[in-house]
**Student:** 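Dumping the structure here so I can ask a few things about it.
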Amino acid sequence: MKVIIIGGVAGGASAAARLRRLDEKAEITVYERSGFVSYANCGLPYYVGGVITDKSELTLKTPESFKTRFDIDIKVLHEVTAIDTAKKTVTVRDIKGGRVFEDSYDKLILSPGAKASLPPFEVPASDRIFTLRTVEDSFAIREFIESKKPASAIVLGGGFIGLEMAENLTEAGIKTTVVELAPHLLKTFDGDMASMIHACFRKNGVDLVLGTGASGIAAEGEKIALHFSGKPDLNADMLILALGVTPDTELAKKAGLALGSRGSILVNDRMETSAKDVYAVGDAVEVRYLIAGNKALISLAGPANKQGRIAADNACGGSSTYGGSMGASVIKIFDMTAASVGLTQEYAETLGFDSEAIIISSGSHASYYPGARNMWIKAIFERGTNRILGAQIVGYEGVDKRIDVIAASIKLGASIIDLKDLELAYAPPYSSAKDPVNVIGLIAENVATGKFTQFHVEDIDALPRDGSVTLLDARTPAEYEKGHIDGFINIQLDELRDRRGELDASKPVYINCQSGLRSYIACRMLSQYGFKCRNLAGGYGFYNAVKTERLAAESSWPCGMEK
């Protein structure tokens, strides 16, 4: 059997290695148009920022190591320019040597990846404007920083690459501004949870311009100007275009393969395309979104690796299938960590799910063991079925562990209430006897069984202040004096039982405390005396963090970067 793989990195390289493990006699050739076949794509921002100092560390496998270990022929700087699915041939151009030739296959695996998306306006030619998608891109940016010593940078786009670049440029001493069209960074997070991410960037000196789209770019001498409609230009020494990625499927389109959303390659669950004996994997393919069941583009290394293995299995006569993706992801943001899986609540509502969210703050480990730091967790589930739709966590140590537990629970079909019964490893330096994941399940059970009802940050402004409802803050007077929600009166929890007579049992009671725990206890207490209570999800701490960041976003425009 002769197999040709177009493209390396996660999908193509994993397919090649798996093929060899399954078929020692197969003739396997990988054509890769860049100079690198298997590299740490996700590590590129950290090379730019100097965290990874040796460029050779970005290369996971070389053509020579592939040949030595797997007897696979890797042809870098070779671009496949055409596919003839009827003749089962590909046309290849040797980029360095200029030779054009034809090669035949029995099985073909496409792993063309994705290319950096560009803005909907002209981008001028300039050695100060960059995208970051390949190893060569990272070399160019690093060389520019070392030779030109830029003092300022603009990152256009607030996704994963944009934020990792903003962090690394800042750590390299470059004053950085992130410009994002959406009202908040990272579309895998809801706006309320993204507030914690915004605050971290601002604390570390990164300016954020949110909810504002650029209208043009100009290269003016040694400066790059970013234009806006009705607002001053922003100027910097360099510009990073980080607007996401677009499936690189021109080759597949020319070959007549069926395409899906945004021009992606249409595949079935065996990673088979519309052409016989042709498979496709990675960032270029449309897959099933596991939770919602709709089609989606998931540009992550983990799914690409799995798809490469599945395509190889089936090319060798197997019957492997890809069940879909949940989009589990994690990102380092200076000293913080942010992770998510599944649907945001915003997206869940768009898709028609009747959703509810549990929001908690919890220590990364037992509070009495030194070094515990707070994390915020938002878990979204479907009312009625209690199916977990997604989760978001922002904090420090232990964030990745908790998101992985929730991701595994979603994959295995657990309900949100099932989380309360998970037996998770515990020792004071690592967790609490009730892990935060367990707490999510316990609160969800209380909500689902009607032990209390929640209200959320976005409901607060609409609450009546005319006396028709009771707004109650159950924190201590000292906490209340430091800051409270307008219109909420203060009766601390430990006095509430004796002072309940000060409240009108005929009126609904909306209660908050710092984290949601004391107000929950207050709800349970008052409900047994005939009160109808609602508890603020996430508590005053969450409300204050969201409100503070939203005020900062409304009033900010980077000082010193205008014309």
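Bear in mind the structure is a predicted one, so any value in this text is a computation, not a measurement.
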**Student:** Is it true that atom NZ of K253 has more than 12 heavy atoms of other residues, nucleotides or ligands lying nearer than 6.0 Å?
**Tutor:**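 Open.
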
**Student:** Can a donor-acceptor pair be found between the side chains of T246 and S117 at a distance below 3.5 Å?
**Tutor:**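 Present: a donor and an acceptor within the cut-off.
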
**Student:** For residues D269 and T321, is any side-chain donor paired with an opposing acceptor at under 3.5 Å?
**Tutor:**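 No, because no side-chain N or O of D269 sits under 3.5 Å from a partner of the opposite role on T321.
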
**Student:** Sort and list the pairs that fulfil ring-ring contact (aromatic ring centres under 6.0 Å, His included) and have at least one residue in residues 108-132, not counting sequence neighbours.
**Tutor:**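 Listed once each, the pairs are F130-F144.
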
**Student:** Would you find more than 12 non-hydrogen atoms of other residues, nucleotides or ligands less than 6.0 Å from Y369 atom OH?
**Tutor:**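 Atom OH in Y369 is not packed in, count stays at 12 or less.
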
**Student:** What are the two closest heavy atoms between I377 and P436, and how far apart are they?
**Tutor:**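 What the structure gives for the nearest pair is CD1-CB, 3.6 Å.
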
**Student:** Is it true that D335 and R373 have a side-chain N and a carboxylate O under 4.0 angstrom from each other?
**Tutor:**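 A salt bridge is present here (some side-chain N lies under 4.0 Å from a carboxylate O).
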
**Student:** Taking NZ in K223 as the centre, count heavy atoms belonging to other residues, nucleotides or ligands within less than 6.0 Å. Is the count above 12?
**Tutor:**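 Count over threshold, so yes.
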
**Student:** Under the side chain to side chain donor-acceptor pair (under 3.5 Å) test, which residues partner R20, sequence neighbours left out?
**Tutor:**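 With sequence neighbours excluded, R20 shows a side chain to side chain donor-acceptor pair (under 3.5 Å) to no residue whatsoever.
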
**Student:** Does anything in residues 327-348 form a ring-ring contact (aromatic ring centres under 6.0 Å, His included)? List the pairs, not counting sequence neighbours.
**Tutor:**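 Output for this query lists F201-F334.
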
**Student:** List the atom of G221, the atom of R128, and the distance in Å for their closest heavy-atom pair.
**Tutor:**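 So the minimum-distance heavy-atom pair works out to O-NE, 4.3 Å.
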
**Student:** With the threshold set at 4.0 Å, does a side-chain nitrogen-carboxylate oxygen contact exist between E250 and K254?
**Tutor:**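 No, this pair does not count.
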
**Student:** Please determine whether a side-chain nitrogen of the Lys or Arg among D283 and R133 lies less than 4.0 Å from a carboxylate oxygen of the Asp or Glu.
**Tutor:**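 Answer for the salt bridge query: yes.
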
**Student:** Side chain to side chain contact (heavy atoms under 4.5 Å, CB included) for I5 and I28? Distances and angles first, verdict last.
**Tutor:** CA-CA 8 Å; I5 300 173; I28 306 167; 4.3 Å; yes

**Student:** Any side-chain heavy-atom pair from I129 and P124 closer than 4.5 angstrom?
**Tutor:**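 Of all side-chain heavy-atom pairs linking P124 with I129, at least one is under 4.5 Å.
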
**Student:** How about I154 and I240: do any of their side-chain heavy atoms sit closer than 4.5 Å?
**Tutor:**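 Heavy-atom side-chain distance check fails, nothing below 4.5 Å.
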
**Student:** Could you go step by step and tell me if I4 and V30 meet the side chain to side chain contact (heavy atoms under 4.5 Å, CB included) rule?
**Tutor:** CA-CA 6 Å; I4 290 176; V30 178; over 6 Å; no

**Student:** Atom CD of residue position E146 - does it have more than 12 heavy atoms of other residues, nucleotides or ligands inside 6.0 Å?
**Tutor:**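 Count over threshold, so yes.
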
**Student:** Is there a side-chain contact between T176 and S152 in this structure, where contact means two heavy atoms from C-beta onward sitting under 4.5 Å apart?
**Tutor:**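 A side-chain contact is absent here, since even the closest heavy-atom pair is not under 4.5 Å.
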
**Student:** Give a yes or no on whether Y430 atom OH has more than 12 heavy-atom contacts from other residues, nucleotides or ligands under 6.0 Å away.
**Tutor:**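 No - once you tally the heavy atoms of other residues, nucleotides and ligands closer than 6.0 Å, there are 12 at most.
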
**Student:** Keeping to residues at least two apart or across chains, list the ring-ring contact (aromatic ring centres under 6.0 Å, His included) pairs with something in residues 151-200.
**Tutor:**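 Found none.
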
**Student:** Please report the shortest heavy-atom distance between E136 and S34, naming the atom on each side.
**Tutor:**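 Heavy atoms only, the tightest pair is OE2-CB, 3.8 Å.
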
**Student:** Between M326 and A407, which heavy-atom pair has the shortest distance, and what is it?
**Tutor:**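 What the structure gives for the nearest pair is CE-O, 3.4 Å.
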
**Student:** L156 and L226: side chain to side chain contact (heavy atoms under 4.5 Å, CB included), yes or no, with the steps?
**Tutor:** CA-CA 9 Å; L156 186 56; L226 195 61; 4.2 Å; yes

**Student:** Before accepting this row, confirm whether a basic side-chain N of the pair D94/K75 lies closer than 4.0 Å to the acidic partner's carboxylate O.
**Tutor:**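 No, D94 and K75 are not salt-bridged.
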
**Student:** Give the intermediate values and the outcome of side chain to side chain contact (heavy atoms under 4.5 Å, CB included) for residues M375 and E397.
**Tutor:** CA-CA 8 Å; M375 70 171 69; E397 296 83 8; over 6 Å; no

**Student:** List for me each residue that meets side chain to side chain donor-acceptor pair (under 3.5 Å) alongside R33, sequence neighbours excluded, and say none if there are none.
**Tutor:**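 Side chain to side chain donor-acceptor pair (under 3.5 Å) check on R33 returns D248.
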
**Student:** So H365 and P429, do their side chains get closer than 4.5 Å, heavy atoms only?
**Tutor:**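 P429 vs H365: side chains apart.
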
**Student:** Measure the shortest side-chain to side-chain distance between E349 and F353 over non-hydrogen atoms and say whether it is less than 4.5 angstrom.
**Tutor:**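 Not touching, per the 4.5 Å side-chain cut-off.
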
**Student:** Does a salt bridge link D237 with K148, judged by any charged N lying under 4.0 Å from a carboxylate O?
**Tutor:**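 Looking at D237 and K148, the cut-off is not met.
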
**Student:** How close do S431 and R402 get, heavy atom to heavy atom, and via which atoms?
**Tutor:**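 Nearest pair, atom of S431 first, then R402: OG-NH2, 3.3 Å.
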
**Student:** Determine which pairs satisfy side-chain hydrogen bond (donor to acceptor under 3.5 Å, both in side chains) with at least one residue from residues 163-173, sequence neighbours left out, and list them in order.
**Tutor:**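 Passing the test, one end in residues 163-173: E167-K332.
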
**Student:** Does atom NZ (K401) have a neighbourhood of more than 12 heavy atoms from anything else shown, all under 6.0 Å?
**Tutor:**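 More than 12 within 6.0 Å, yes.
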
**Student:** For side chain to side chain donor-acceptor pair (under 3.5 Å), just list the numbers for T81 and E79, CA-CA rounded to whole Å, side-chain angles, deciding distance to a tenth of an Å, and then say yes or no.
**Tutor:** CA-CA 6 Å; T81 59; E79 180 181 19; over 6 Å; no

**Student:** Distance only, no hydrogens: is a donor on one side chain within 3.5 Å (strictly under) of an acceptor on the other, for T344 and E346?
**Tutor:**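 E346 and T344 do not have a side-chain donor-acceptor pair below 3.5 Å.
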
**Student:** Go through the side-chain N and O atoms of T188 and Q392 and say whether any donor and acceptor fall under 3.5 Å apart.
**Tutor:**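 No, because no side-chain N or O of T188 sits under 3.5 Å from a partner of the opposite role on Q392.
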
**Student:** Got more than 12 heavy atoms from elsewhere within 6.0 Å of CD, E458?
**Tutor:**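 More than 12 heavy atoms, drawn from other residues, nucleotides or ligands, come within 6.0 Å of this atom.
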
**Student:** Starting at CD1 of I333, measure out to SG of C200 and round the result to the nearest 0.5 Å.
**Tutor:**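 It is 6.0 Å, given to the nearest 0.5 Å.
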
**Student:** Give a yes or no on this: more than 12 heavy atoms of other residues, nucleotides or ligands lie within 6.0 Å of atom CZ of R21.
**Tutor:**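 Yes, because the 6.0 Å sphere around CZ of R21 holds more than 12 heavy atoms from other groups.
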
**Student:** Take the angle between the ring planes of W376 and F542 and call it parallel below 30°, perpendicular above 60°, tilted in between.
**Tutor:**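 Because their plane-to-plane angle lies in the 30° to 60° range, the rings of W376 and F542 count as tilted.
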
